[in-house]
Amino acid sequence: MLSKQSHFPAATMSPPSMAAVFDKHGPIDTVIRLIEIPPVEISEKDVCVKMLAAPINPADINIIEGVYPTGATLPAVGGGEGVGEIYFVGSAVKTLSPGDLVIRSPYIPGSWQTYMVEEESLWHKIHEDTPVEFAATVSVNPVSALRMLNEFVTLKPGDSIVQNGATSIVGQCVIQLARLYGIHSINIIRDNPGSDEVKEKLIELGADKVFTESELNVHQIKTLLGDTPQPILGLNCVGGNSATLVVKFLKQGGTMVTYGGMSKEPVTISTSNFIFKDITLKGFWLQEWKLDKTKYRDWIDSLLRLVRAGKLKYEFDAVHFEDFHTALEKAMGKHGSQRKQILIF
């Protein structure tokens, strides 16, 4: 990292930046390109940040493809989440200093570049001992896991939740947070090669039970729970049959929250589940749940404290920014199922 005294004296312009840029919407691997962009003027309320790491999230890809509910003013730099180090501050900046480790407000395109210039208010200072890969990824997936466990039903120690997509970063965080809360987690994974190894990894994280989808093709699904209580909350990021399996586990009056649709298949629920089990279906979109900036930053700080204490972790691949297109192909699943891709600058 740069030292706390790092700055470029009397400068009003940022260094030039390498960036992943798109000037039209379309298939991401055809419309985005790596280019050098010229220096940007730094106003008195701006900070210049040397980016350290940024993930490739599904929402980033969808924004570039033009299929996400919110977009970007073109031309634009891709990426909506990331961590960096303050390189230079404008004369009116009061809360940040050169050398501070900061994360940016998510869903604002622009994190896939080596230097960024934005207003002070868009950056949040975090503890300097935070691993940059976790800092780069905390503000979307882990926060989603935290909020979904707290917003929809009142969970208490001894209760249970069920989720599909358990190998995702959200899924891994749900398992660990539930364990910290004293909540049992039942987890559904896809029938892929190596599923036994996946089960072992999730159980090591704190999962109580892990099933493949094919193992749940039985009539009395409740018998698989043993002494584990029926879940009151279900989390769905897959859709299709996998969402139906989540509903099957839920107890009377349970709630299923959908936050993704990786299978691109609709969520369906039988009439009997609505009438006789009184199941509630909800949706979750983080952008509509982060309205209070103070609370949002408190959530981030609490999650990063868990990271630094070794109580929250997840798998990812760290890739140098120069290998952006390889990382992009992996993030799009062109090389099979892949872990989260994190760009290192």
Side-chain angles (χ1 to χ4, degrees), residues 1-2 49-60 79-86 96 99-108 110-114 116 122-150 163 165-181 185 201-202 204-207 237 259-260 286 289-290 293 295-321 323-324 327 330-331 338-345:
M1 289 187 178
L2 299 171
V49 175
K50 182 182 185 297
M51 294 300 292
L52 300 175
I56 301 177
N57 287 321
D60 302 327
E81 187 181 18
V83 62
E85 185 178 40
I86 299 293
L96 299 172
D100 287 345
L101 192 65
V102 291
I103 58 176
R104 67 192 304 273
S105 298
Y107 295 110
I108 304 171
S111 65
W112 295 347
Q113 58 182 312
T114 52
M116 298 188 67
L122 296 179
W123 297 94
H124 175 49
K125 181 179 176 179
I126 60 174
H127 195 283
E128 60 184 4
D129 291 335
T130 305
V132 296
E133 294 87 354
F134 290 99
T137 51
V138 69
S139 59
V140 176
N141 290 317
V143 170
S144 294
L146 179 70
R147 297 325 309 151
M148 288 190 291
L149 287 174
N150 285 276
Q163 65 169 344
T167 59
S168 67
I169 288 185
V170 172
Q172 293 176 63
C173 290
V174 164
I175 290 170
Q176 294 167 90
L177 292 173
R179 174 55 61 91
L180 289 172
Y181 296 157
S185 68
K201 287 184 177 181
L202 295 181
E204 287 176 2
L205 285 180
C237 67
Y259 66 99
L286 180 60
W289 288 81
K290 63 180 186 68
K293 185 169 68 174
K295 286 184 178 180
Y296 186 70
R297 292 182 171 182
D298 287 343
W299 301 334
I300 287 171
D301 290 340
S302 67
L303 289 164
L304 291 180
R305 282 193 293 271
L306 293 176
V307 167
R308 292 193 297 273
K311 296 180 179 180
L312 184 67
K313 59 184 179 180
Y314 37 84
E315 295 186 333
F316 52 80
D317 289 331
V319 183
H320 289 295
F321 189 43
D323 297 325
F324 172 79
K330 291 181 179 180
Q338 296 288 337
R339 297 183 294 187
K340 174 72 70 179
Q341 301 295 301
I342 300 178
L343 303 169
I344 305 297
F345 297 95

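Only a predicted model underlies this, so the values are computations on that prediction, with no experimental measurement involved.
Contact between Ile126 and Ala135 at its shortest, heavy atoms only, is CD1-CB, 3.5 Å. Considering every non-hydrogen atom in both Ala53 and Val132, the closest pair reads CB-O, 4.2 Å. Between Ser185 and Ala207, the shortest heavy-atom distance links the atoms OG-CA, 3.5 Å. Smallest separation of non-hydrogen atoms from Met51 and Val83: CE-O, 3.5 Å. When every heavy atom of Ile344 is checked against every heavy atom of Ala318, the shortest pair comes out as CG1-CB, 3.9 Å. Across all their heavy atoms, Tyr259 and Cys237 have their closest contact at CZ-CB, 3.3 Å.
Note that the CG atom of Asp317 and the CG atom of Asp323 stand 12.0 Å from one another [nearest 0.5 Å]. Rounding to the nearest 0.5 angstrom, the gap separating the CZ atom in Arg297 from the OG atom in Ser139 is 11.0 Å. We find the CD-CD distance between Glu128 and Glu85 to be 10.0 Å, quoted to the nearest 0.5 Å. Atoms NE2 and CG, from His124 and Asp100 in turn, are 11.5 Å apart once rounded to the nearest 0.5 Å. Between Thr130 atom OG1 and Leu303 atom CG the span is 11.5 Å, to the nearest 0.5 Å. The structure places CD of Gln113 at 8.0 Å from CZ of Phe321, a figure rounded to the nearest 0.5 Å.
Using bins of under 30°, 30° to 60° and over 60° for the plane-to-plane angle, the ring pair Tyr314/Phe134 lands in the perpendicular bin.
Between Leu101 and Leu52 there is a side-chain heavy-atom pair separated by less than 4.5 Å. Contact check for Val140 versus Ile169: no side-chain heavy atoms found under the 4.5 Å cut-off. Looking at Lys340 and Asn141, their side chains come closer than 4.5 Å, going by heavy atoms from C-beta outward. Counting only heavy atoms from C-beta outward, the side chains of Gln172 and Leu312 never approach each other to under 4.5 Å. Side-chain contact between Arg104 and Val102 is absent, with no heavy-atom pair separated by less than 4.5 Å. Side-chain atoms of Val307 and Val138, non-hydrogen and from C-beta on, never get closer than 4.5 Å to each other. For the pair Met116/Trp123, a side-chain contact is recorded, criterion being any heavy-atom separation below 4.5 Å from C-beta on. When side chains are defined from C-beta on, Tyr181 counts as touching Leu149, because their heavy atoms get closer than 4.5 Å.
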task: Go through the steps for Ile175 and Gln163 under the test side-chain contact (heavy atoms from CB on, under 4.5 Å), then give the verdict.
output: CA-CA 9 Å; Ile175 290 170; Gln163 65 169 344; 3.6 Å; yes
task: Just do the side-chain contact (heavy atoms from CB on, under 4.5 Å) check on Gln176 and Lys313 with the steps written out, would you?
output: CA-CA 8 Å; Gln176 294 167 90; Lys313 59 184 179 180; 3.6 Å; yes
task: Applying side-chain contact (heavy atoms from CB on, under 4.5 Å), run through Val170 and Met148 and close with a yes or a no.
output: CA-CA 10 Å; Val170 172; Met148 288 190 291; 3.8 Å; yes
- request: Report the C-alpha distance between Arg308 and Leu304 in whole Å, list the side-chain angles of each, state the deciding distance to 0.1 Å, and finish with yes or no for side-chain contact (heavy atoms from CB on, under 4.5 Å).
  value: CA-CA 6 Å; Arg308 292 193 297 273; Leu304 291 180; 3.7 Å; yes
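Judged by distance alone, with hydrogens and angles left aside, the side-chain atoms of Asn150 form a donor-acceptor pair with the main-chain N or O of Leu146 at under 3.5 Å. Side chain of Trp112 to main chain of Pro55: a donor-acceptor pair is present (N/O by atom type, distance under 3.5 Å, no hydrogens or angles).
Within 6.0 Å of atom NE2 in His127, more than 12 heavy atoms from other residues, nucleotides or ligands are found, so the atom counts as buried in its surroundings.
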